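Here the structure comes first, spelled out in structure tokens, and everything after it is commentary.
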There are 2 protein chains.
Amino acid sequence: MTADLSTTSYALLGLLALDPADAPEGLTGYELKQRCDLTMRYYWVSPATSQVYTELARLARLGLVDTTDAPNGRRNTRRYALSDSGRTALLAWLETSEPAFPVLKHPVALRLMFAHMVGPEHVQRWLDTYIAQLEQRTADLRAVREMLGDDPRLRSPATVADWGLAYFANESAVAADVRERGAADEG
Amino acid sequence: MTADLSTTSYALLGLLALDPADAPEGLTGYELKQRCDLTMRYYWVSPATSQVYTELARLARLGLVDTTDAPNGRRNTRRYALSDSGRTALLAWLETSEPAFPVLKHPVALRLMFAHMVGPEHVQRWLDTYIAQLEQRTADLRAVREMLGDDPRLRSPATVADWGLAYFANESAVAADVRERGAADEG
DNA sequence: TAGCCAGTATTCCAGTTAGGAAGATTCCGC
DNA sequence: GCGGAATCTTCCTAACTGGAATACTGGCTA
């Protein structure tokens, strides 16, 4: 019945499902992109702005989102809200399909494959960069996690945030370990 | 001087750099794709066959790989080997550029965001699926790791494999924990 | 010993995704 | 009422995916 959508499509559908209460008219593509950048980026590629609009147009064409045009001065602002069939499609996806295995693009691990080709100082630099980036991301995600608090209605996103923090912590530990062992080889 | 290449281009260049000894003529696109599927997929998207060939054509055009054509029956088989300027470009990339932060596409975490929309049995199912997939991947990667052994020449790939195993172990632990806490909520 | 199937090797295509640039407009502080 | 930040959308190009199509080799078996 419903055409097969990409996971990113369902992700956007899901984001629209998360706040119907405070936004009855739905969200603009711009706002949706901001939501993606705020939370989704920790466990999914935050789609490019152009892709957000492309997906929304597709979802509207399929009747999975309702659109409302509101004149905004001389210009038109279009809001997208989850439709009934959109909610049905989202639920069907959650209930009947199996999650695929995660895909990782890990530039540090990739470079590490070729570590023997360059001096150890470069490997140390890669790891230092990565560890610093991890600290920044951890701080950002911790802020998100604290925003979510103990509210039982936000338990699902909170669980995901905790998962992300555990992932970052593990990456930090492994990176630090590899760095140390590399340094030890020099001694 | 050298045009900017995608990370995937450098990954292929790196794979070609890994075994020049036993393959002086280089590898075919098909063999390269197999190498990707065997090891690269644990920390990078294994590129589609069509992309492997597209990239190799680009690298050949840029002079970063040398090609050798060998007639194979009525047809031609082309082998690709790292050229001197290819090696230089790879080293320059490793030595002068910083690794970007990893990108993750985690379908389980994505679904978990919407856990409250469906019955807990579905969440259990997602996590069970994921835990089973992790076991399979862990076994596969462990086999790769054992193939690499203690050989000091293979220390770099071995480190990456260990990193992957630590990542899988952490994911398994977190998934099991989330699963248990979800089940506890039912009690 | 012909037939078949698995494996090797490459190309083509249509569609999706990524990333960036460019634009038009509104909002807000000064 | 000016200027810059924020809002909102579109367009373009390149990268990438997945699948199908094509062609040949070699081994097994009936």
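Predicted model, so just to flag it, every value in this text is computed and none were measured. Reminder, nothing fancy here: chain letters follow the sequence lines and each chain counts from 1.
- Side chain to side chain, Thr159(B) and Ser156(B) fail the donor-acceptor criterion of an N or O pair below 3.5 Å.
- Residues from residues 48-61 of chain B with heavy atoms under 4.0 angstrom of DNA chain D, sorted by number: Ala48(B), Ser50(B), Gln51(B), Glu55(B), Arg58(B).
- As a whole-Å value, the separation of Asp37(A) CG from dG19(C) C1' is 13 Å.
- Both Lys105(B) and Glu31(B) lie near DNA chain C, and the one whose nearest nucleotide falls closer to the 5' end is Glu31(B).
- Using bins of under 30°, 30° to 60° and over 60° for the plane-to-plane angle, the ring pair Tyr10(B)/Trp93(B) lands in the parallel bin.
- Arg145(B) contributes a side-chain N or O that, together with a main-chain N or O of Gly149(B), makes up a donor-acceptor pair within less than 3.5 Å.
- Among dC8(D), dT9(D), dT7(D), the nucleotide with an atom closest to any side-chain atom of Arg78(A) is dT9(D).
- With side-chain heavy atoms closer than 4.5 Å counting as contact, directly or through intermediates, the hydrophobic cluster containing Tyr53(B) also holds Tyr30(B).
- dA15(D) atom C1' lies 13 Å from atom CH2 of Trp44(B), rounded to whole Å.
- Residue Gln34(B) places at least one side-chain N or O under 4.0 Å from the OP1 or OP2 atom of dT8(C).
- The side chain of Tyr30(A) lies closest to dT9(D), out of dT17(D), dA9(C), dT9(D).
- Under 4.0 angstrom from either OP1 or OP2 of dC16(D) there lies at least one side-chain N or O belonging to Ser6(B).
- In terms of phosphate contacts, Thr28(A) brings no side-chain nitrogen or oxygen within less than 4.0 Å of OP1 or OP2 of dT7(D).
- For the pair Arg137(A) and Phe168(A), the cation-pi test (distance below 6.0 Å, angle within 45°) is failed.
- Every side-chain contact (heavy atoms from CB on, under 4.5 Å) that Asp66(B) has, sequence neighbours left out, goes to Ser83(B).
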